[in-house]
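See below for the structure under consideration.
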Amino acid sequence: KHLPFEAASVLLILIPFIPSSNILFPVGFILAERVLYTPSVGFCIGLSYVMFRWLHGKRRGIALLITIVALYVLRSVEHVLDFRTEESLYIAGIRAHPNSPNMRCGLGLVYFRDRYENSEKEANRRRVAEMNFKESIRLLPDHAESLTNLAILHTERGEYNEAESFIRRALQSEPHI
């Protein structure tokens with residue numbers, strides 16, 4: 001016997017999705033496309049089954065199907081643009097997950113790593129990096145990576161007391177770093 005289309009699509013959506021969804025236990029990463037490929041197959045199977053049953057032989061159904069596919073293509077093209085640069089990827093990630101300390105820290109690192117001949121531009125990027133690290137810590141006070149990055153930033157400025165404070169907090173939250 002064959003598994004019905006409805007059951008197959010639901011299983012393909014749920015089984016791979018549950019471990020990465022942070023529902024049962026925290027997994028430590030943001031849900032991303034890499035963990036949604038198989039659930040997407042399940043969604044497509046389910047959608048095609050429903051569309052076939054509901055729209056079989058109807059012209060307006062074909063038009064609706066073409067419209068849905070066109071909208072998904074447009075959304076995919078829009079999403080691909082998020083991957084142009086590391087900065088645009090993190091900005092899109094923050095738009096999607098505004099309360100993610102990891103996204104804020106990642107964006108801070110993008111601004112922190114870049115070096116420019118123009119000292120004013122570099123200073124501005126350092127301020128934005130610091131702002132993102134601090135926002136990450138506001139969201140998760142013991143975010144060790146952001147605390148460490150702030151310590152490095154303050155060390156570069158010669159602000160050793162502040163740097164020591166941040167590194168002590170980082171070591172308290174993750175002693176193995």
Side-chain angles (χ1 to χ4, degrees), residues 1-114 128-129 131-149 170 173-174 176-177:
K1 292 221 168 191
H2 295 288
L3 191 63
F5 278 113
E6 304 95 330
S9 69
V10 169
L11 289 175
L12 283 171
I13 291 170
L14 291 180
I15 290 175
F17 178 73
I18 287 175
S20 61
S21 67
N22 289 316
I23 292 172
L24 301 176
F25 49 86
V27 292
F29 62 87
I30 294 173
L31 191 62
E33 285 86 359
R34 67 181 179 274
V35 295
L36 293 176
Y37 291 128
T38 306
S40 295
V41 170
F43 174 77
C44 290
I45 289 172
L47 181 63
S48 63
Y49 178 76
V50 167
M51 296 296 281
F52 179 78
R53 301 285 289 184
W54 184 60
L55 303 173
H56 187 65
K58 299 177 182 170
R59 284 186 184 207
R60 68 183 163 167
I62 305 274
L64 179 62
L65 183 60
I66 290 171
T67 303
I68 290 171
V69 169
L71 289 173
Y72 274 108
V73 166
L74 288 174
R75 177 62 185 117
S76 294
V77 168
E78 177 186 328
H79 189 60
V80 165
L81 297 177
D82 293 338
F83 287 84
R84 287 178 306 200
T85 65
E86 193 176 11
E87 180 182 1
S88 65
L89 183 61
Y90 278 112
I91 289 170
I94 289 169
R95 247 191 339 265
H97 305 282
N99 294 322
S100 169
N102 292 334
M103 285 287 134
R104 287 291 179 173
C105 182
L107 183 59
L109 278 171
V110 168
Y111 290 120
F112 185 61
R113 279 193 321 248
D114 293 344
V128 173
M131 178 191 72
N132 278 285
F133 294 144
K134 286 182 175 178
E135 178 63 12
S136 175
I137 293 167
R138 187 191 68 75
L139 294 166
L140 184 64
D142 62 348
H143 194 268
E145 188 176 358
S146 292
L147 291 164
T148 303
N149 290 323
S173 67
E174 289 197 33
H176 66 277
I177 61 170

Sequence neighbours left out, what passes side-chain hydrogen bond (donor to acceptor under 3.5 Å, both in side chains) with Asn132? Give chain and number order. Arg104

Side chains of residues 66-74: which donor-acceptor pairs under 3.5 Å do they make with residues two or more places apart or in other chains?
{"residue": "Thr67", "atom": "OG1", "partner": "Ala63", "partner atom": "O", "Å": "2.8"}

Test side chain to side chain contact (heavy atoms under 4.5 Å, CB included) applied to Arg138 - qualifying residues, sequence neighbours left out: Glu135

Would you name the heavy atoms of Ala129 and Tyr111 that are closest together and state the gap between them? CB-CB, 3.8 Å

Return each pair, listed once, that meets salt bridge (Lys or Arg N to Asp or Glu O under 4.0 Å) where at least one residue sits in residues 92-101; pairs must be two or more places apart or across chains. Asp82-Arg95

Report the distance from atom SG of Cys105 to atom CD1 of Ile137, rounding to the nearest 0.5 Å. 8.5 Å

Quick check for you: to the nearest 0.5 Å, what is the distance between Ile94 atom CD1 and Asn102 atom CG? 11.0 Å

Contacts of Glu86 meeting salt bridge (charged side-chain N to carboxylate O under 4.0 Å, His left out) (sequence neighbours excluded), chain-then-number -> Arg113

Please output the side-chain donor-acceptor pairs of residues 5-14 that fall under 3.5 Å, not counting sequence neighbours, one pair per line with the distance.
{"residue": "Glu6", "atom": "OE2", "partner": "Tyr49", "partner atom": "OH", "Å": "3.1"}
{"residue": "Ser9", "atom": "OG", "partner": "Phe5", "partner atom": "O", "Å": "3.3"}
{"residue": "Ser9", "atom": "OG", "partner": "Glu6", "partner atom": "O", "Å": "2.9"}

Taking only residues at least two apart or on different chains, which pairs with a member in residues 67-77 satisfy salt bridge (Lys or Arg N to Asp or Glu O under 4.0 Å)? Arg75-Glu78

Residue list, side chain to side chain contact (heavy atoms under 4.5 Å, CB included) with Leu140, at least two apart or on another chain: Pro101, Asp142, His143

Reported CG-to-CD1 distance for the pair Leu107 and Ile91, which is rounded to 0.5 angstrom: 5.5 Å

All salt bridge (charged side-chain N to carboxylate O under 4.0 Å, His left out) counterparts of Arg84, not counting sequence neighbours: none

Non-hydrogen side-chain atoms of Glu174 and Thr148 separated by less than 4.5 Å: no

side-chain hydrogen bond (donor to acceptor under 3.5 Å, both in side chains) against Ser40, all qualifying residues, sequence neighbours excluded: none

Which residues pass the side-chain hydrogen bond (donor to acceptor under 3.5 Å, both in side chains) test with Thr85, not counting sequence neighbours? Ser88

Looking at residues at least two apart in the chain, or sitting in another chain, which of them share a side chain to side chain contact (heavy atoms under 4.5 Å, CB included) with Asn99? Leu139

